[in-house]
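Written below as structure tokens is the structure these notes are about.
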Amino acid sequence: MKTEKGRPSWAPPVLRGERLEAGLKTLELEVRRRLDGLLQGNHLGLVPGPGSEPGEARPYQPGDDVRRMDWAVTARTTTPHIRETVADRELETWVVADLSASLDFGTALCEKRDLVVCAMAAVAHLTGGGGNRLGALITNGSDVTRIPARGGLPHARGLVRRLADTPRAPEGVRGDLASAIEQLRRPPRRRGLAVVISDFLGGTEWQRPLRALSARHELIGIEIVDPRDVDLPEVGTVVLADPESGRQREVHATPLLRKEFSAAAHAHRQEVAAALRRAGAAHLTLRTDSDWIADMVRFVVARKRRWSGGVA
């Protein structure tokens, strides 16, 4: 479906300059309308299924988290059982939002940093209500902004606005996702949900602090991807630039170079997925050329199915 300006109806709104205010209002309306319309009943919400209070035991089913295995009941009945848990009704969610220079880029319907703002708005909507609190660490490489966890719709709106207003990183400044995650880990916080939103380009030094964070929190890694991150177009001579170092290189996009670039990009994304999996984090990919709300819905539904004992 196309809008009157030729953009798909699911395309993120423009969140820059004079259109920021209107874009944020449109984003909030779209998140409410589409998420509430597509996620119904028990699917509505991103609250972790495994809570903190023990509930009833039930037989193990393929796809269940083996960390919830109830060994006492299993030994007594000789049949594998897991222990259901009751979710904490006051969830504290912290989001690490990466706005380093590599996210100031986009060749499809928006820049990657716009999708970071969209993802934050969706997380705020899906974890809000019921006394829940939301906080954030916003990093652009040169500065880290900490927004304390609070509840309420005005706070969520202010947090999304603060993220959208974050200035772009100065040229030559590299992002430091590992440091931001480490700042979230210390001092220790009450158990809750931690969400990391980034394109995860570059090294994977963030693995260690993320794995340490998983000892106390449910984890979600939201990977932001642009088509040009994974595939070079057939355009002949092109100038490639590293936005975090400012270095540029002119290359000719030969079939061999495009094939090697694609292979390297695929290998890196596989490495990121493996690192998130080792840390125990759920992995969601949002693309600048895809319906990001539909992708979010599929992700939430799959999580709920795993918690309920089904196979996603």
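Values reported hereafter were calculated over all heavy atoms of this structure, with side chains retained and with hydrogens, waters and symmetry mates removed.
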Side-chain contact, heavy-atom cut-off 4.5 Å: [X] with [Y]?
X	Y	value
H217	L193	no
L284	M296	yes
R113	T166	yes
L210	V196	yes
E92	R133	yes
R228	P233	yes
L177	E205	no
E223	H283	yes

State whether the side chain of [X] and the backbone N or O of [Y] hold a donor-acceptor pair below 3.5 Å, judged by distance alone.
X	Y	value
D231	S262	no
H155	L134	yes
R287	D226	no
S100	N140	no

- Apply side-chain contact (heavy atoms from CB on, under 4.5 Å) to the pair L257 and V251, showing each step before the final yes or no. CA-CA 9 Å; L257 177 63; V251 299; 3.9 Å; yes
Determine, for [X] against [Y], whether the closest basic-nitrogen to carboxylate-oxygen distance falls under 4.0 angstrom.
X	Y	result
K25	E28	no
R168	E111	yes
D70	R76	no
D114	R16	yes

- Among residues two or more places apart or on two chains, list those pairs meeting salt bridge (charged side-chain N to carboxylate O under 4.0 Å, His left out) that have a residue in residues 116-132. none
- Those residues that, when tested against T139, pass side chain to side chain donor-acceptor pair (under 3.5 Å) (two or more places apart):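 T139: no side chain to side chain donor-acceptor pair (under 3.5 Å) contacts found.
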Which value, rounded to the nearest 0.5 Å, describes the distance between [X] atom [atom1] and [Y] atom [atom2]?
X	Y	atom1	atom2	value
S9	D291	OG	CG	7.5 Å
E182	L137	CD	CG	11.5 Å
H266	F261	NE2	CZ	14.0 Å
L126	F299	CG	CZ	10.0 Å
I181	Q207	CD1	CD	10.0 Å
L159	R157	CG	CZ	13.5 Å

- Item | Polar side chain donor-acceptor pair, S290 to D295, under 3.5 angstrom |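 Side-chain D/A pair, S290 to D295: present.
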What are the two closest heavy atoms between [X] and [Y], and how far apart are they?
X	Y	result
H81	V73	CG-CG1, 3.6 Å
D229	I224	OD2-O, 4.3 Å
I222	V195	CD1-CG1, 3.8 Å
P209	A178	CG-O, 3.8 Å
L219	A279	CD1-O, 3.6 Å
L103	D98	CD1-O, 3.4 Å

- Task: Using the side-chain contact (heavy atoms from CB on, under 4.5 Å) rule, take T79 and T74 through it: C-alpha gap first, then chi angles, then the decisive distance, then the call.
- Result: CA-CA 5 Å; T79 301; T74 298; over 6 Å; no
- Would one find more than 12 heavy atoms of other residues, nucleotides or ligands at under 6.0 Å from atom CZ of R162? no
Do [X] and [Y] belong together in a cluster built from hydrophobic side chains that touch within less than 4.5 Å?
X	Y	answer
L99	I147	yes
V225	F200	no
W94	V144	yes
W292	F105	no
V117	L153	no

- Message: Using a 4.5 Å cut-off between side-chain heavy atoms of Ile, Leu, Val, Met, Phe, Trp and Tyr, which other residues end up in the same hydrophobic cluster as L201?
- Response: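 Listed partners: none, L201 stands alone.
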- Take L286 and K112 through the test side-chain contact (heavy atoms from CB on, under 4.5 Å) and record every step on the way to the result. CA-CA 9 Å; L286 300 180; K112 290 191 287 184; over 6 Å; no
